[in-house]
2 protein chains.
Amino acid sequence: MQAALDLIAERGPAGATFAEAARRAGVSPAAPYRHFRDREELLAAVAAAGFDRFAEALKAGWNGGRPDAASAYERMGHAYLDFARQHPADYVAMFESGIPTEADPALRQAADRAFGVLREAAETLVAAMPAQGRPPALMVALHTWALAHGVAALFGRADAARRKVPMPADDLLEAAFLIYLKGLGAPAA
Amino acid sequence: MQAALDLIAERGPAGATFAEAARRAGVSPAAPYRHFRDREELLAAVAAAGFDRFAEALKAGWNGGRPDAASAYERMGHAYLDFARQHPADYVAMFESGIPTEADPALRQAADRAFGVLREAAETLVAAMPAQGRPPALMVALHTWALAHGVAALFGRADAARRKVPMPADDLLEAAFLIYLKGLGAPAA
DNA sequence: GCGTGATGTAAGTGCTTTTCACATGAGCTG
DNA sequence: CAGCTCATGTGAAAAGCACTTACATCACGC
(Lines give C-alpha, C1' and ligand atoms only; values in the text may rest on other atoms or scores of the structure.)
Protein backbone atom coordinates (compact mmCIF):
# COMPACT_ATOMS: atom_id res chain seq x y z
CA MET A 1 0.00 0.00 0.00
CA GLN A 2 2.88 2.37 0.76
CA ALA A 3 4.46 1.53 -2.60
CA ALA A 4 1.14 2.18 -4.33
CA LEU A 5 0.82 5.51 -2.54
CA ASP A 6 4.33 6.50 -3.62
CA LEU A 7 3.50 5.55 -7.18
CA ILE A 8 0.37 7.68 -7.15
CA ALA A 9 2.47 10.59 -5.91
CA GLU A 10 5.04 10.08 -8.65
CA ARG A 11 2.94 9.12 -11.66
CA GLY A 12 -0.67 9.82 -10.85
CA PRO A 13 -3.40 7.28 -10.26
CA ALA A 14 -3.17 5.82 -13.76
CA GLY A 15 0.55 5.22 -13.36
CA ALA A 16 0.14 3.28 -10.16
CA THR A 17 0.43 -0.21 -11.55
CA PHE A 18 -0.09 -3.33 -9.53
CA ALA A 19 3.07 -4.92 -10.87
CA GLU A 20 5.30 -1.97 -10.12
CA ALA A 21 3.97 -1.68 -6.59
CA ALA A 22 4.77 -5.35 -6.05
CA ARG A 23 8.24 -4.85 -7.48
CA ARG A 24 8.91 -1.99 -5.09
CA ALA A 25 7.68 -4.04 -2.20
CA GLY A 26 10.21 -6.66 -3.21
CA VAL A 27 7.78 -9.41 -4.15
CA SER A 28 6.56 -10.99 -7.36
CA PRO A 29 3.69 -9.42 -9.31
CA ALA A 30 1.35 -12.18 -8.18
CA ALA A 31 1.98 -11.79 -4.46
CA PRO A 32 -0.36 -8.83 -3.81
CA TYR A 33 -3.26 -10.89 -5.11
CA ARG A 34 -3.11 -12.75 -1.79
CA HIS A 35 -4.13 -9.52 -0.10
CA PHE A 36 -6.26 -7.66 -2.64
CA ARG A 37 -8.74 -9.15 -5.07
CA ASP A 38 -7.62 -6.84 -7.84
CA ARG A 39 -6.08 -3.48 -8.55
CA GLU A 40 -9.26 -1.64 -7.66
CA GLU A 41 -9.36 -3.16 -4.20
CA LEU A 42 -5.80 -2.07 -3.57
CA LEU A 43 -6.63 1.49 -4.58
CA ALA A 44 -9.75 1.39 -2.44
CA ALA A 45 -7.66 0.34 0.55
CA VAL A 46 -5.18 3.13 -0.11
CA ALA A 47 -8.02 5.62 -0.40
CA ALA A 48 -9.60 4.36 2.83
CA ALA A 49 -6.32 4.80 4.68
CA GLY A 50 -6.16 8.30 3.22
CA PHE A 51 -9.64 9.10 4.52
CA ASP A 52 -8.57 7.93 7.98
CA ARG A 53 -5.61 10.28 7.96
CA PHE A 54 -7.83 12.99 6.52
CA ALA A 55 -10.34 12.62 9.32
CA GLU A 56 -7.53 12.93 11.85
CA ALA A 57 -6.22 16.07 10.17
CA LEU A 58 -9.65 17.69 10.14
CA LYS A 59 -10.23 16.73 13.75
CA ALA A 60 -6.90 18.24 14.74
CA GLY A 61 -7.75 21.44 12.88
CA TRP A 62 -11.16 21.68 14.49
CA ASN A 63 -9.65 20.94 17.92
CA GLY A 64 -12.96 20.56 19.65
CA GLY A 65 -14.13 23.97 18.47
CA ARG A 66 -11.68 25.91 20.66
CA PRO A 67 -11.35 28.75 21.31
CA ASP A 68 -14.58 29.53 19.47
CA ALA A 69 -16.58 27.79 16.78
CA ALA A 70 -16.00 30.32 14.02
CA SER A 71 -12.22 30.47 14.22
CA ALA A 72 -11.95 26.70 14.76
CA TYR A 73 -14.12 26.13 11.71
CA GLU A 74 -11.88 28.30 9.61
CA ARG A 75 -8.81 26.54 10.99
CA MET A 76 -10.36 23.26 9.90
CA GLY A 77 -10.67 24.71 6.41
CA HIS A 78 -6.97 25.41 6.41
CA ALA A 79 -6.35 21.88 7.65
CA TYR A 80 -8.36 20.65 4.67
CA LEU A 81 -6.17 22.49 2.18
CA ASP A 82 -3.00 21.61 4.06
CA PHE A 83 -3.90 17.97 3.83
CA ALA A 84 -4.58 18.20 0.10
CA ARG A 85 -1.23 19.93 -0.37
CA GLN A 86 0.92 17.88 1.97
CA HIS A 87 -0.60 14.52 1.12
CA PRO A 88 -1.47 14.90 -2.53
CA ALA A 89 -1.20 11.18 -3.15
CA ASP A 90 -3.77 10.47 -0.46
CA TYR A 91 -6.04 13.17 -1.81
CA VAL A 92 -5.77 11.86 -5.35
CA ALA A 93 -6.46 8.33 -4.19
CA MET A 94 -9.48 9.57 -2.27
CA PHE A 95 -11.09 11.75 -4.91
CA GLU A 96 -9.49 11.29 -8.29
CA SER A 97 -8.55 7.67 -8.63
CA GLY A 98 -11.82 6.76 -10.31
CA ILE A 99 -12.76 4.41 -7.49
CA PRO A 100 -16.42 4.90 -6.60
CA THR A 101 -16.74 5.46 -2.87
CA GLU A 102 -19.50 2.90 -2.71
CA ALA A 103 -17.28 0.17 -4.11
CA ASP A 104 -15.77 -0.92 -0.83
CA PRO A 105 -17.65 -0.91 2.51
CA ALA A 106 -14.47 -0.04 4.41
CA LEU A 107 -13.83 2.84 2.01
CA ARG A 108 -17.33 4.10 2.39
CA GLN A 109 -17.07 3.89 6.17
CA ALA A 110 -13.78 5.78 6.22
CA ALA A 111 -15.21 8.49 3.98
CA ASP A 112 -18.28 8.80 6.19
CA ARG A 113 -16.05 9.12 9.24
CA ALA A 114 -14.14 11.97 7.64
CA PHE A 115 -17.32 13.76 6.66
CA GLY A 116 -18.65 13.16 10.15
CA VAL A 117 -15.92 15.38 11.56
CA LEU A 118 -16.99 18.13 9.21
CA ARG A 119 -20.65 17.63 9.98
CA GLU A 120 -20.18 17.77 13.74
CA ALA A 121 -18.12 20.93 13.40
CA ALA A 122 -20.88 22.46 11.31
CA GLU A 123 -23.43 21.51 13.96
CA THR A 124 -21.42 23.20 16.67
CA LEU A 125 -20.93 26.24 14.49
CA VAL A 126 -24.62 26.51 13.70
CA ALA A 127 -25.58 25.98 17.34
CA ALA A 128 -23.52 29.05 18.23
CA MET A 129 -25.65 31.19 15.94
CA PRO A 130 -28.75 33.17 16.88
CA ALA A 131 -31.70 30.82 17.06
CA GLN A 132 -33.92 32.51 14.52
CA GLY A 133 -32.79 32.03 10.93
CA ARG A 134 -30.40 29.26 11.94
CA PRO A 135 -29.49 27.28 8.80
CA PRO A 136 -29.52 23.47 8.63
CA ALA A 137 -26.15 22.21 9.86
CA LEU A 138 -25.97 19.45 7.27
CA MET A 139 -26.37 21.96 4.48
CA VAL A 140 -23.58 24.08 5.92
CA ALA A 141 -21.35 21.02 6.14
CA LEU A 142 -22.06 20.09 2.53
CA HIS A 143 -21.43 23.63 1.36
CA THR A 144 -18.17 23.71 3.25
CA TRP A 145 -17.03 20.44 1.80
CA ALA A 146 -17.97 21.42 -1.73
CA LEU A 147 -16.16 24.73 -1.41
CA ALA A 148 -13.03 23.21 0.09
CA HIS A 149 -12.97 20.39 -2.43
CA GLY A 150 -13.54 22.74 -5.32
CA VAL A 151 -10.69 25.00 -4.27
CA ALA A 152 -8.40 22.05 -3.60
CA ALA A 153 -9.21 20.30 -6.86
CA LEU A 154 -9.01 23.36 -9.10
CA PHE A 155 -6.32 25.49 -7.47
CA GLY A 156 -4.86 23.55 -4.61
CA ARG A 157 -2.23 21.15 -5.77
CA ALA A 158 0.87 22.12 -7.71
CA ASP A 159 1.07 19.19 -10.12
CA ALA A 160 -2.51 18.62 -11.18
CA ALA A 161 -4.71 20.66 -13.46
CA ARG A 162 -3.96 23.73 -11.46
CA ARG A 163 -4.66 27.12 -12.91
CA LYS A 164 -2.60 30.17 -12.42
CA VAL A 165 -4.52 32.33 -10.03
CA PRO A 166 -3.59 35.68 -8.56
CA MET A 167 -4.08 34.55 -4.97
CA PRO A 168 -3.03 31.43 -3.10
CA ALA A 169 -5.61 28.74 -2.54
CA ASP A 170 -5.52 29.26 1.20
CA ASP A 171 -6.52 32.88 0.93
CA LEU A 172 -9.11 32.06 -1.69
CA LEU A 173 -10.77 29.51 0.56
CA GLU A 174 -10.52 31.70 3.62
CA ALA A 175 -12.13 34.62 1.81
CA ALA A 176 -14.91 32.41 0.49
CA PHE A 177 -15.51 31.05 3.98
CA LEU A 178 -15.76 34.48 5.49
CA ILE A 179 -18.14 35.68 2.81
CA TYR A 180 -20.25 32.57 3.15
CA LEU A 181 -20.40 32.86 6.95
CA LYS A 182 -21.30 36.50 6.69
CA GLY A 183 -24.08 35.52 4.32
CA LEU A 184 -25.31 33.08 6.93
CA GLY A 185 -25.33 35.84 9.48
CA ALA A 186 -22.67 34.11 11.51
CA PRO A 187 -20.58 35.86 14.15
CA ALA A 188 -17.44 36.00 12.03
CA ALA A 189 -17.01 39.57 10.88
CA MET B 1 -13.05 11.12 -30.47
CA GLN B 2 -16.75 10.25 -30.29
CA ALA B 3 -15.88 6.63 -29.57
CA ALA B 4 -13.47 7.73 -26.84
CA LEU B 5 -16.16 9.93 -25.33
CA ASP B 6 -18.63 7.04 -25.34
CA LEU B 7 -16.04 4.83 -23.68
CA ILE B 8 -15.45 7.38 -20.94
CA ALA B 9 -19.19 7.50 -20.35
CA GLU B 10 -19.40 3.72 -20.15
CA ARG B 11 -16.23 2.75 -18.31
CA GLY B 12 -14.69 5.86 -16.86
CA PRO B 13 -11.51 7.56 -18.02
CA ALA B 14 -9.31 4.58 -17.15
CA GLY B 15 -11.47 2.28 -19.26
CA ALA B 16 -11.21 4.43 -22.34
CA THR B 17 -8.55 2.48 -24.20
CA PHE B 18 -6.99 3.59 -27.40
CA ALA B 19 -7.45 0.18 -29.00
CA GLU B 20 -11.13 -0.10 -28.15
CA ALA B 21 -11.84 3.38 -29.44
CA ALA B 22 -10.18 2.46 -32.72
CA ARG B 23 -12.19 -0.75 -32.89
CA ARG B 24 -15.44 1.16 -32.42
CA ALA B 25 -14.44 3.61 -35.10
CA GLY B 26 -13.97 0.64 -37.41
CA VAL B 27 -10.25 0.98 -37.95
CA SER B 28 -7.16 -0.87 -36.81
CA PRO B 29 -5.60 -0.08 -33.43
CA ALA B 30 -2.71 1.71 -35.10
CA ALA B 31 -4.81 4.07 -37.21
CA PRO B 32 -5.51 6.73 -34.55
CA TYR B 33 -1.78 7.26 -34.16
CA ARG B 34 -1.94 9.13 -37.46
CA HIS B 35 -4.07 11.75 -35.72
CA PHE B 36 -2.94 11.71 -32.08
CA ARG B 37 0.59 11.31 -30.80
CA ASP B 38 -0.54 9.09 -27.97
CA ARG B 39 -3.46 8.27 -25.71
CA GLU B 40 -2.95 11.42 -23.68
CA GLU B 41 -3.27 13.65 -26.74
CA LEU B 42 -6.53 11.96 -27.67
CA LEU B 43 -7.93 12.54 -24.20
CA ALA B 44 -6.72 16.12 -24.29
CA ALA B 45 -8.55 16.67 -27.58
CA VAL B 46 -11.71 15.15 -26.14
CA ALA B 47 -11.41 17.34 -23.06
CA ALA B 48 -10.85 20.43 -25.21
CA ALA B 49 -13.97 19.70 -27.21
CA GLY B 50 -15.79 19.30 -23.91
CA PHE B 51 -14.59 22.69 -22.72
CA ASP B 52 -15.87 24.23 -25.95
CA ARG B 53 -19.32 22.76 -25.40
CA PHE B 54 -19.08 23.77 -21.75
CA ALA B 55 -18.33 27.37 -22.63
CA GLU B 56 -21.34 27.41 -24.93
CA ALA B 57 -23.57 26.01 -22.20
CA LEU B 58 -22.41 28.61 -19.68
CA LYS B 59 -22.81 31.38 -22.18
CA ALA B 60 -26.34 30.24 -22.95
CA GLY B 61 -27.15 30.15 -19.24
CA TRP B 62 -25.75 33.61 -18.66
CA ASN B 63 -27.58 34.92 -21.73
CA GLY B 64 -25.88 38.27 -21.69
CA GLY B 65 -26.88 38.93 -18.10
CA ARG B 66 -30.56 39.31 -18.87
CA PRO B 67 -32.90 40.18 -17.33
CA ASP B 68 -30.61 41.14 -14.45
CA ALA B 69 -27.11 40.14 -13.41
CA ALA B 70 -28.06 38.29 -10.23
CA SER B 71 -30.69 35.99 -11.71
CA ALA B 72 -28.62 35.41 -14.85
CA TYR B 73 -25.65 34.49 -12.69
CA GLU B 74 -27.69 31.97 -10.81
CA ARG B 75 -29.06 30.57 -14.05
CA MET B 76 -25.49 30.11 -15.21
CA GLY B 77 -24.88 28.07 -12.07
CA HIS B 78 -27.74 25.80 -13.00
CA ALA B 79 -26.31 25.54 -16.50
CA TYR B 80 -23.04 24.44 -14.91
CA LEU B 81 -24.68 21.59 -13.03
CA ASP B 82 -26.89 20.68 -15.96
CA PHE B 83 -23.82 20.31 -18.12
CA ALA B 84 -22.09 18.11 -15.57
CA ARG B 85 -25.19 15.95 -15.34
CA GLN B 86 -26.13 15.78 -18.98
CA HIS B 87 -22.61 15.44 -20.35
CA PRO B 88 -20.86 13.45 -17.66
CA ALA B 89 -18.34 12.04 -20.10
CA ASP B 90 -17.28 15.53 -21.16
CA TYR B 91 -17.07 16.63 -17.56
CA VAL B 92 -14.97 13.62 -16.59
CA ALA B 93 -12.68 14.15 -19.55
CA MET B 94 -12.30 17.80 -18.58
CA PHE B 95 -11.66 17.43 -14.86
CA GLU B 96 -11.06 13.84 -13.89
CA SER B 97 -9.14 12.21 -16.68
CA GLY B 98 -5.76 12.94 -15.11
CA ILE B 99 -4.78 15.12 -18.06
CA PRO B 100 -3.08 18.27 -16.81
CA THR B 101 -4.72 21.29 -18.40
CA GLU B 102 -1.31 22.68 -19.28
CA ALA B 103 -0.41 19.61 -21.31
CA ASP B 104 -1.96 20.76 -24.55
CA PRO B 105 -2.08 24.39 -25.75
CA ALA B 106 -5.45 23.83 -27.41
CA LEU B 107 -6.80 22.32 -24.21
CA ARG B 108 -5.52 25.18 -22.16
CA GLN B 109 -7.04 27.66 -24.56
CA ALA B 110 -10.42 25.94 -24.49
CA ALA B 111 -10.38 25.85 -20.69
CA ASP B 112 -9.47 29.52 -20.54
CA ARG B 113 -12.32 30.32 -22.89
CA ALA B 114 -14.79 28.52 -20.66
CA PHE B 115 -13.51 30.28 -17.57
CA GLY B 116 -13.65 33.55 -19.45
CA VAL B 117 -17.41 33.25 -19.71
CA LEU B 118 -17.59 32.85 -15.95
CA ARG B 119 -15.19 35.70 -15.34
CA GLU B 120 -17.07 38.14 -17.54
CA ALA B 121 -20.31 37.23 -15.86
CA ALA B 122 -18.71 37.85 -12.48
CA GLU B 123 -17.47 41.21 -13.69
CA THR B 124 -20.93 42.23 -14.77
CA LEU B 125 -22.38 40.99 -11.51
CA VAL B 126 -19.84 42.89 -9.44
CA ALA B 127 -20.30 46.03 -11.50
CA ALA B 128 -23.99 46.00 -10.56
CA MET B 129 -23.10 46.18 -6.89
CA PRO B 130 -22.73 49.32 -4.77
CA ALA B 131 -19.36 50.87 -5.46
CA GLN B 132 -18.02 50.86 -1.92
CA GLY B 133 -17.03 47.40 -0.68
CA ARG B 134 -17.20 45.99 -4.18
CA PRO B 135 -15.28 42.70 -4.20
CA PRO B 136 -12.69 41.77 -6.87
CA ALA B 137 -14.55 40.19 -9.79
CA LEU B 138 -11.85 37.60 -10.39
CA MET B 139 -12.14 36.38 -6.84
CA VAL B 140 -15.89 36.06 -7.20
CA ALA B 141 -15.44 34.11 -10.41
CA LEU B 142 -12.94 31.74 -8.77
CA HIS B 143 -15.21 31.23 -5.78
CA THR B 144 -18.12 30.49 -8.04
CA TRP B 145 -16.15 28.01 -10.05
CA ALA B 146 -14.81 26.26 -6.97
CA LEU B 147 -18.26 26.01 -5.46
CA ALA B 148 -19.89 24.74 -8.63
CA HIS B 149 -17.10 22.26 -9.27
CA GLY B 150 -17.15 21.04 -5.70
CA VAL B 151 -20.88 20.44 -5.78
CA ALA B 152 -20.70 18.79 -9.20
CA ALA B 153 -17.77 16.58 -8.29
CA LEU B 154 -19.02 15.47 -4.91
CA PHE B 155 -22.79 15.36 -5.32
CA GLY B 156 -23.58 16.06 -8.93
CA ARG B 157 -23.24 12.99 -11.05
CA ALA B 158 -25.10 9.76 -10.45
CA ASP B 159 -22.38 7.27 -11.33
CA ALA B 160 -19.28 8.72 -9.72
CA ALA B 161 -18.31 8.93 -6.08
CA ARG B 162 -21.58 10.58 -5.30
CA ARG B 163 -22.80 10.69 -1.75
CA LYS B 164 -26.34 10.36 -0.61
CA VAL B 165 -27.42 13.82 0.40
CA PRO B 166 -30.81 14.97 1.60
CA MET B 167 -31.12 17.67 -1.02
CA PRO B 168 -30.53 17.70 -4.77
CA ALA B 169 -27.29 19.18 -6.03
CA ASP B 170 -29.14 21.97 -7.81
CA ASP B 171 -30.76 23.20 -4.63
CA LEU B 172 -27.51 22.80 -2.74
CA LEU B 173 -25.65 24.97 -5.21
CA GLU B 174 -28.43 27.50 -5.45
CA ALA B 175 -28.57 27.88 -1.66
CA ALA B 176 -24.80 28.25 -1.45
CA PHE B 177 -24.89 30.89 -4.19
CA LEU B 178 -27.54 32.88 -2.43
CA ILE B 179 -25.75 32.74 0.91
CA TYR B 180 -22.49 33.71 -0.74
CA LEU B 181 -24.05 36.62 -2.61
CA LYS B 182 -25.74 37.79 0.56
CA GLY B 183 -22.34 37.68 2.26
CA LEU B 184 -21.01 39.85 -0.52
CA GLY B 185 -23.79 42.32 0.09
CA ALA B 186 -25.21 41.69 -3.37
CA PRO B 187 -28.74 42.56 -4.41
CA ALA B 188 -29.98 38.97 -4.35
CA ALA B 189 -32.18 38.62 -1.30
C1' DG C 1 1.97 10.23 -65.92
C1' DC C 2 4.06 10.64 -61.56
C1' DG C 3 5.76 12.00 -57.20
C1' DT C 4 3.89 13.26 -52.55
C1' DG C 5 1.51 13.30 -48.47
C1' DA C 6 -2.31 11.56 -45.76
C1' DT C 7 -4.27 7.58 -44.08
C1' DG C 8 -4.46 2.82 -42.98
C1' DT C 9 -2.75 -2.07 -41.95
C1' DA C 10 0.03 -6.14 -40.15
C1' DA C 11 3.22 -7.59 -37.20
C1' DG C 12 6.08 -7.12 -33.33
C1' DT C 13 7.89 -5.47 -28.53
C1' DG C 14 7.35 -4.78 -23.91
C1' DC C 15 4.38 -3.75 -20.51
C1' DT C 16 0.24 -4.73 -17.73
C1' DT C 17 -3.63 -7.57 -15.20
C1' DT C 18 -5.10 -11.78 -13.70
C1' DT C 19 -5.11 -16.84 -13.00
C1' DC C 20 -3.32 -21.37 -11.81
C1' DA C 21 -0.45 -24.96 -10.16
C1' DC C 22 2.98 -25.48 -7.03
C1' DA C 23 6.37 -24.39 -3.05
C1' DT C 24 7.39 -23.03 1.70
C1' DG C 25 7.19 -22.23 6.25
C1' DA C 26 4.81 -21.03 10.80
C1' DG C 27 1.91 -22.64 14.13
C1' DC C 28 -1.49 -25.59 16.12
C1' DT C 29 -3.04 -30.40 17.38
C1' DG C 30 -2.64 -34.83 18.82
C1' DC D 1 7.69 -34.40 17.68
C1' DA D 2 4.81 -35.75 13.25
C1' DG D 3 1.34 -34.12 10.59
C1' DC D 4 -2.04 -30.89 9.07
C1' DT D 5 -3.67 -26.47 7.78
C1' DC D 6 -3.35 -21.90 6.40
C1' DA D 7 -1.12 -17.77 4.91
C1' DT D 8 2.04 -16.19 1.82
C1' DG D 9 4.86 -16.32 -2.09
C1' DT D 10 6.69 -17.91 -6.87
C1' DG D 11 6.88 -19.06 -11.86
C1' DA D 12 4.57 -19.59 -15.91
C1' DA D 13 1.01 -18.51 -18.80
C1' DA D 14 -3.07 -16.10 -21.30
C1' DA D 15 -5.12 -11.98 -22.73
C1' DG D 16 -5.09 -7.10 -23.57
C1' DC D 17 -3.03 -2.59 -24.26
C1' DA D 18 0.36 1.28 -25.82
C1' DC D 19 3.25 2.24 -29.11
C1' DT D 20 6.65 1.46 -33.18
C1' DT D 21 8.06 0.15 -37.68
C1' DA D 22 7.75 -1.31 -42.33
C1' DC D 23 4.71 -1.59 -45.92
C1' DA D 24 0.27 -0.62 -48.74
C1' DT D 25 -3.16 2.47 -50.83
C1' DC D 26 -5.02 6.30 -52.79
C1' DA D 27 -6.31 11.08 -53.86
C1' DC D 28 -4.32 15.19 -55.69
C1' DG D 29 -1.47 18.57 -57.72
C1' DC D 30 2.21 19.49 -61.16
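These numbers were taken from a predicted model, which means no experiment stands behind them.
- Looking at A/Asp38, its side chain does come within 3.5 Å of a backbone N or O of A/Glu41 through a donor-acceptor pair.
- A salt bridge (Lys or Arg N to Asp or Glu O under 4.0 Å) check over residues 120-134 of chain A, counting only residues at least two apart or in different chains, returns the pairs A/Arg119-A/Glu123.
- Taking the six-membered ring where the residue is Trp, the centroids of A/Phe95 and A/Phe51 are separated by under 6.0 Å.
- Whole-Å rounding puts the A/Arg11 CZ to C/dT16 C1' distance at 12 Å.
- Between B/Leu142 and A/Val151 there is no side-chain heavy-atom pair separated by less than 4.5 Å.
- In this structure, CZ of A/Phe36 is placed 14 Å from P of C/dT17, rounded to the nearest angstrom.
- Between the C1' atom of C/dT19 and the CG atom of A/Asp38 lies a distance of 13 Å, rounded to the nearest Å.
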Self-check item: Annotated protein contacts, base or backbone, on nucleotides 3-15 of chain C with a non-hydrogen cut-off under 4.0 Å, one of B, S, - each
Solution: ----BBBB-----
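- When ring centroids are compared, B/Phe83 and B/Phe54 come within the 6.0 Å threshold.
- Distance CD (B/Glu20) to P (C/dT17): 19 Å, rounded to an integer number of Å.
- Atom-to-atom, CG of B/Leu43 to P of D/dC19 comes out at 10 Å; the value is rounded to the nearest Å.
- Rounded to a whole Å, the CG atom of B/Leu7 is 15 Å from the P atom of D/dG16.
- Atom pair A/Tyr33:OH and C/dT17:P shows a separation of 6 Å (rounding to whole Å applied).
- In this structure, CZ of B/Arg39 is placed 10 Å from C1' of D/dC17, rounded to the nearest angstrom.
- For an aromatic pair to be called close, the ring centres must be under 6.0 Å apart, and B/Phe18 with B/Tyr33 satisfies this.
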